[in-house]
Each structure stands twice: as C-alpha cells, then as structure tokens.
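One structure below.
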Amino acid sequence: MFKLFSNVWNQFREYLVLVSLVIISLSLLTQNNNPQVQKVRALAFGSFATVTSVFYDLFNITQLKNENKVLRRLNAEMMLQLSMLREYGILNRELKGMLGFKDTTSLPIIPATIVSKSISITQNTITINVGNKEGIKPGMPVLSYRGFVGIIQTCSDNFSIARTLKNVDLKLTVKNEKKRLNGIMKWDGEKLVIVDVPRTYDFDIGDRIVTSEISSIIPVPIPVGIVSKIEEDKTGLLNLVHIKPFEEVLSAENVFILMMVENREKNNLELNFYNRR
Amino acid sequence: MKLKYFIPLLVFIPVVLIQLTVIPLISIQEVVPNLLLITVVYFSISNGQIFGTVTGASYGLLFDFISGNLVGSNMLSKSLAGFIAGYFSGETRREKYLYTYSFTLVVLISALIDAMIISFFSVIDFNTNFLQALFNHALLPSIYTSIVSILVVVIPYKRAFD
C-alpha cells in the first residue's frame, strides 16, 4: 500500500500539490465572510499597513506640493461658498423654525490618509490609516473633498481597507440629482455604469449623480460623478448610463470617513415588512 | 532546512511593498504590472514546478489577506501561474528561460493565466463581451507585466537567489 502511494506520489506529485492547493483556495473562496477569516485578514493587513504607511509617505512627498496648491485654491473657493451657505443656513433655520421642522443633525467625519492602494482593473482597494480605535466600522462611506471614494470593508485597530468605486464588488444605489431618478451603479471592470435604466428615464449627459437616500448604506447624498454617455444595453430594452466619477482613486491621497453605518432600525422595519406572512 | 525555502518569504515583503505603493504611480488606465507574478515565475523556473506552485499559492494567499481582495482568488490564480511557469524549469531549460528574453514570454503566459482566473471571479456576467473582457482584463495587464519583467533579464542580479 505504502509502495503504491509512493509510486503515485513520485509520478504525479506536481499535480497532487496543485490539486491540493486549488482545493484549499476554492474552499477559502467560500469562507470569505467567515468571522475567523475576517479576523486573520484584519490582523494581516493591520500589521502590514504599518510598514506600508512609512513607505508610501516617502513616495508621495513630491505630490504634496501640487496637492497643496490645489487645496489652497479650493480653500479660497470654499471660503466664499461657506459665507454664502452661512447666509442660507440662517435663513433655513428661521424658515424651519417657522414651519416647526425638526433640525437635522450634522454629519461627523474624520480625516484619514491613504497608506496603500491595491490597483487592479477589477478590484481596487485602498488602505487608510484609521481603524477600530477611531470608531471606524465596515460599511462606513469614504469620501474626499471631490466626492464619493468607497466603502469600508474591513478594519483592524489602526487601519482599514475600503472598496473603491472601481471595484466590481461595490454596487451603489445612486440618483440623478436633478431628475430624482434612482439606479444601481457598479464598476463593470472598464467603466462606471448605472445598469438596467429604463429607456423612459430622462438621463442627460452632464447630469450630476449623487448617492441615493434609498441606500441603506449611505443615507445622505454624496456627489459621485456626472453622466458622460448613455447607450443601449445588449437587449435594446434598457439603457446603460456611463458615469465619470468626481474622484479618481489613483490621485486621491487624503480622504474622510463619514461616521455613519446603515440604519438598522430602518432595515429591520423593511425586513419585517417583507417577512410578513 | 535549506535557505532557499525562506528566500521567497523574505523577497515577498519588499515586492508587495513596491506593488502597493510605487506601482500605482506607473499605472496606465488602471492597468498595472504584477510584480508578485514576476517573482513567482522567477522562483518557479529557478526552483522547479512544485516550488513555484507552492510559492504562487503562498504569495497569492498573503496578498489576498493584505490587499482586501477576495480571499483565495489570488491564491488560486497564482498557484496555477506558478505551475505553468514550472514547465519551463529544469536543468537544461533554466538557463534558457531565466536569463534570456524568453523569460518575458513565460511571464506573459503565466500572467495571462493569472489574469484570466482573476477576471473570471470579478467581471464575467451575462452582459460581458467575453473577448473584450479577455483583452482588457487579461491581455493588457499581462503585456505590461511582461514588459516590466525585462528588468529581471537586464539587471545583473539574476543569480543572487539561485
């Protein structure tokens, strides 16, 4: 028996090793949401991101000068907008008071720096230097001053990984800001598209796209991009709306995390509604 | 224990650091060269098929964990890429494929296998034009990777890990 195994091993060992590794990797693929796997992942990228953050800074010093220039200009523009918004804010408070509306809460955001980027055509992710200790949780939106960047996927104590817009696993409910039309936006590996849009929907090139309040992940409107092209899908019954994002992940250095996770109360209510017998 | 088994692990850290920090700076339309794959192919040709397969699996798994990709996807693709590259290993073939421009061809073949498997997990759906997806997601990154792999042939450090 041993001799038989020995013969088989000697003749086919390369294939046996390959088959074993393929089986292990396929079983790991099915265990991606397993808490143990998530824990190992958090530990691995948390430890590695500490090293990466030092290394990444070295290569980005040259870019900081240009970024500062852009930020100074933006700061001046923002200052002008802010003074206008203050005026509107005062007016808004007065009007709300007159109408007896509840006041809206301010949105807590915390700043973070990107310490590494895993760039591929299909699965772009970024690692940022804030984690559980700062109160970051999976599901929180990541944005920059230009617009939406991605969603936190995993957290360790000091670092987090976020799926960016250009990740095929991130699907987002968005809406046309002007026309108030909702749709599902995803990265198809080549372009950012709103899929399955009925042809009766009135999307125009140049329309601003923001995240939709229908989304249980991002309940506030965050700018995503503008409509760059509209084309028929293969069936000819629906449209594909191409989006040009406001934020290019490749050039992003500093981001903010919106300290907001999906509304459980709202989800439970909706689930109870659907589960009603 | 032979030192050669530890060398891939030591090499992994600087390679993945460069992959995650420097390589994004030279990306062309989200197409980036895959340094991990070049390393896997190098070890596979220099140390044999089993060594290459196991190195590919280890590199893939570690990369999945630290980059946030689907755990197991890179492990599967890089195991197969290492296995394929192993066919170009052997006493007589090593000199031919490791130290000449044939190395870039082996990298191209392995990168195609790697990228096609990754694409399979990521972008294939009913709306995808398979040939176009293959071109954009597999061929372009593979060509870029094989171009970068010329450095392995050109830079004279090539016998350091043998």
Task: Option passing side chain to side chain contact (heavy atoms under 4.5 Å, CB included) with A:Leu143 (candidates A:Ile222, A:Thr211, A:Val224) - done: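 For A:Leu143, the side chain to side chain contact (heavy atoms under 4.5 Å, CB included) test succeeds with only one of A:Ile222, A:Thr211, A:Val224, which is A:Ile222.
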Please list every donor-acceptor pair under 3.5 Å in which a side-chain atom of residues 148-160 of chain A meets a protein atom from a residue at least two apart or in another chain.
residue	atom	partner	partner atom	Å
A:Ser156	OG	A:Phe159	N	3.2
A:Ser156	OG	A:Phe159	O	3.2
A:Ser160	OG	A:Val130	O	2.6

Open item on the list: Can you tell me which of A:Glu14, A:Gln31, A:Arg163 forms the most heavy-atom pairs within a distance under 4.5 Å of chain B?
Closed with: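 Winner by heavy-atom pair count: A:Glu14.
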TODO: Name the member of A:Thr30, A:Val17, A:Asn32, A:Thr125 that forms the most heavy-atom pairs with chain B at distances under 4.5 Å.
DONE: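 Most pairs with chain B among the choices: A:Asn32.
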Segment of [X] engaging chain B (4.5 angstrom heavy-atom cut-off):
X: A:Arg13; value: both
X: A:Leu16; value: neither
X: A:Asn124; value: side chain
X: A:Ile161; value: side chain

Open item on the list: By the salt bridge (charged side-chain N to carboxylate O under 4.0 Å, His left out) test, which pairs, at least two apart or in different chains, include something from residues 139-150 of chain A?
Closed with: A:Arg146-A:Glu247
Task: B:Ser110 side-chain N/O to B:Val107 backbone N/O, donor-acceptor pair under 3.5 Å - done: no
Open item on the list: Looking at A:Gly131, is its backbone amide N or carbonyl O close enough to the side chain of A:Glu134 to form a donor-acceptor pair, meaning the two atoms are under 3.5 Å apart?
Closed with: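 Yes; judged by distance alone, with no hydrogens or angles, the pair exists.
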Does any backbone or side-chain atom of [X] lie under 4.5 Å from a heavy atom of chain A? Answer side chain, backbone, both or neither.
X: B:Ile13; answer: both
X: B:Val32; answer: side chain
X: B:Ser27; answer: side chain
X: B:Leu62; answer: neither
X: B:Asn74; answer: neither
X: B:Phe51; answer: neither

Open item on the list: Can you tell me if B:Lys96 has over 12 outside heavy atoms packed within less than 6.0 Å of its NZ?
Closed with: no
Task: Over 12 non-hydrogen atoms of neighbours within 6.0 angstrom of NZ in A:Lys39 - done: no
Open item on the list: Centroid separation under 6.0 Å, is that true for the rings of A:Tyr15 and B:Phe83?
Closed with: yes
